[in-house]
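Residue indices begin at 1 and follow the sequence shown.
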Amino acid sequence: MYLVGLTGGIASGKSTVASAWVELGGIEIDADQLAREVVEPGTPGLAAVKAAFGDSVISNGALDRSALGQLVFANTDKRKQLEAIVHPLVRELAAKKIAELPNDSIVIYNVPLLVEAAVDLDFDKVVTVEAPSEKQIERLVSIRKMNREEAERRVAAQASPAQRANAADVILNSNQDLHLLLKDARRLWQQIEHEAAQRGSN
Ligand SMILES: CC(C)(COP(=O)(O)OP(=O)(O)OC[C@H]1O[C@@H](n2cnc3c(N)ncnc32)[C@H](O)[C@@H]1O)[C@@H](O)C(=O)NCCC(=O)NCCS
Ligand SMILES: Nc1ncnc2c1ncn2[C@@H]1O[C@H](COP(=O)(O)OP(=O)(O)OP(=O)(O)O)[C@@H](O)[C@H]1O
């Protein structure tokens, strides 16, 4: 197995890059998706979140993500408290899902908080997708319809581009047209495939 860690700030373009790589044969595991699975109705994860944050973050037996987001992105202690519940569950589920994949796969672990959550999987390559924070905020406001203040808080809750660059082998520039980002991503995929094939033949 060849394991790529794919990170980047919020709305930097990670999922766009991951989708392009899936079209080229990669298998994606999305940490945001896992973070949803571990707090689905009836899970121990949801029970722990309810015990920590109370009924105001539960609606009809499910997590009220918007209410919890308002709480945790306005208060660092609360965010850390949530992460202490969710991150170990995500870590465990990610390891399990990766272990279940065929050995000849090229796996893309799309993990926004690779640096913040000190994700220590045995990556063959770590890639970060980077755009200036102003662009991230613009995309969150215009495409995701987030209010500006909330968008700024999310960006501020994350590691800096320098910290991510420090953890990465490759930086993909998302401060350029989408088609140029995709062109760079496809070129990088060729290199990844080449490295995976070389390793497979050793
Ligand atoms: C607070 C929650 C309920 C808000 O849900 P919401 O549906 O609005 O956002 P969603 O989960 O789709 O996340 C969107 C983006 O927000 C950013 N983000 C999410 N959690 C965090 C965090 N703890 N710190 C910094 N950025 C975060 C990431 O860039 C992510 O891609 C949710 O984000 C959550 O449970 N966060 C804690 C778990 C976590 O750290 N997830 C990130 C990947 S493991
Ligand atoms: N280089 C770019 N130029 C213009 N728009 C872009 C670029 N990269 C991404 N986008 C757009 O920005 C939005 C966010 O991109 P995407 O969902 O890929 O980001 P993400 O990093 O996966 O976000 P999140 O952390 O929230 O999961 C999408 O609508 C996407 O089409």
| said: What's the separation between atom CG in Leu181 and atom CG in Asn173, rounded to the nearest 0.5 Å? | reply: 7.5 Å
| In terms of hydrophobic clusters joined by side-chain contacts under 4.5 Å, are Leu121 and Ile106 together? | no
| Beyond-backbone contact of Phe123 with Asp169, side-chain heavy atoms, under 4.5 angstrom | no
| Stepwise, does the side-chain contact (heavy atoms from CB on, under 4.5 Å) test hold for Asn175 with Glu130? | CA-CA 7 Å; Asn175 187 23; Glu130 294 295 338; over 6 Å; no
| request: Output all residues satisfying salt bridge (charged side-chain N to carboxylate O under 4.0 Å, His left out) with Glu40, sequence neighbours left out; order by chain, then residue number. | output: none
| message | Restricting to non-hydrogen atoms, name the atom on Ala167 and the atom on Leu114 that form the minimum distance, rounded to 0.1 Å. | response | CB-CD2, 4.4 Å
List the atom pairs, donor and acceptor, that lie under 3.5 Å between side-chain atoms in residues 76-92 and the rest of the protein, sequence neighbours left out.
residue, atom, partner, partner atom, Å
Arg79, NH1, Glu83, OE2, 3.2
Arg91, NH2, Ala117, O, 2.8

| request: Side-chain contact test, heavy atoms from C-beta onward, threshold under 4.5 Å: evaluate it for Leu3 versus Ile98 and give yes or no. | output: yes
| task | Could I get the full list of side-chain hydrogen bond (donor to acceptor under 3.5 Å, both in side chains) partners for Arg186, not counting sequence neighbours? | result | none
| query | Strictly by modelled atom types, are Arg139 and Ser174 linked by a side-chain donor-acceptor pair under 3.5 Å? | reply | yes
| Stepwise, does the salt bridge (charged side-chain N to carboxylate O under 4.0 Å, His left out) test hold for Lys14 with Glu28? | CA-CA 11 Å; Lys14 292 177 298 298; Glu28 182 189 7; over 6 Å; no
| Minimum heavy-atom distance Leu93-Val38, with the two atoms named | CD2-CG1, 3.8 Å
| Can you hop from Tyr2 to Ile29 via hydrophobic side chains spaced under 4.5 Å? | no
| query | Of Val17, Thr16, Val170, which meets side-chain contact (heavy atoms from CB on, under 4.5 Å) against Val129? | reply | Val17
| request: Determine yes or no for a side-chain-to-main-chain donor-acceptor pair under 3.5 angstrom, with Asp30 supplying the side chain and Asp32 the backbone. | output: yes
| request: Grab the two heavy atoms, one from Ile137 and one from Ala151, that are nearest each other, plus how far apart they are. | output: CG2-CB, 4.1 Å
| task | Following the transitive rule for hydrophobic clusters with a side-chain heavy-atom cut-off under 4.5 Å over Ile, Leu, Val, Met, Phe, Trp and Tyr, establish whether Val126 and Val115 coincide in one cluster. | result | yes
| Separation of Ser59 OG from Leu68 CG (nearest 0.5 Å) | 12.5 Å
| note | Sorted by chain and number, sequence neighbours left out, side-chain contact (heavy atoms from CB on, under 4.5 Å) with Asn60 holds for none
| message | Donor-acceptor pair, distance only, cut-off 3.5 Å: does the side chain of Gln158 make one with the backbone of Ile10? | response | yes
| request: Search all heavy atoms of Ala18 against all heavy atoms of Ile108 and return the closest pair with its distance. | output: O-CD1, 4.4 Å
| request: Run the numbers on Gln163 and Glu116 for side-chain contact (heavy atoms from CB on, under 4.5 Å), then give the verdict. | output: CA-CA 9 Å; Gln163 286 170 311; Glu116 296 87 334; over 6 Å; no
| With side chains defined as the heavy atoms from C-beta onward, is the minimum distance between Asn147 and Val141 less than 4.5 Å? | no
| Minimum heavy-atom distance between Ala31 and Pro112, given as atom pair plus value | CB-CD, 4.2 Å
| said: Between Trp21 (side chain only) and Ala185 (backbone N and O only), is there a donor and an acceptor less than 3.5 Å apart? | reply: yes
| request: Quick one: closest heavy-atom pair of Gly61 and Leu46, and the distance? | output: O-CD2, 3.4 Å
| remark: Sorted by chain and number, sequence neighbours left out, side-chain hydrogen bond (donor to acceptor under 3.5 Å, both in side chains) with Asp124 holds for Arg199
| query | Quick one: does Leu71's side chain get under 4.5 Å of Phe53's, heavy atoms only? | reply | yes
| field | Minimum side-chain heavy-atom gap Thr7-Val127 below 4.5 Å | value | no
| task | Please check if atom CG in Asp122 has more than 12 non-hydrogen atoms from other residues, nucleotides or ligands closer than 6.0 Å. | result | no
| request: Scan side-chain atoms only and decide if Asn110 and Gln33 contain a donor-acceptor pair under the 3.5 Å cut-off. | output: no
| query | Cluster question for you: counting only ILVMFWY and a side-chain heavy-atom cut-off of under 4.5 Å, with indirect links fine, are Met1 and Trp189 together? | reply | no
| query | Step by step, would you call Leu140 with Glu152 a side-chain contact (heavy atoms from CB on, under 4.5 Å)? | reply | CA-CA 9 Å; Leu140 289 170; Glu152 285 171 353; over 6 Å; no
| query | Are Gln176 and Asp184 side-chain neighbours, meaning at least one heavy-atom pair lies under 4.5 Å? | reply | yes
| message | If the condition is side-chain hydrogen bond (donor to acceptor under 3.5 Å, both in side chains), which residues does Ser12 pass it with, not counting sequence neighbours? | response | none
| task | Calculate, to the nearest 0.5 Å, the distance between atoms CG and CG belonging to Leu182 and Asp177 respectively. | result | 10.5 Å
| To the nearest 0.5 Å, how far apart are CZ in Arg148 and CZ in Arg153? | 13.0 Å
| Is Val57 reachable from Val72 through a run of I, L, V, M, F, W or Y residues, each pair having side-chain heavy atoms under 4.5 Å apart? | yes
| task | Drop me the distance from Lys183's NZ to Leu172's CG, to the nearest 0.5 angstrom. | result | 14.0 Å
| task | Quick one: do Glu195 and Gln191 satisfy side-chain contact (heavy atoms from CB on, under 4.5 Å)? Show the steps, please. | result | CA-CA 6 Å; Glu195 288 175 17; Gln191 192 188 327; 3.3 Å; yes
| query | Taking NZ, NE, NH1 and NH2 as the nitrogens, is one of them in Glu138 or Arg144 under 4.0 Å from a carboxylate oxygen of the other? | reply | no
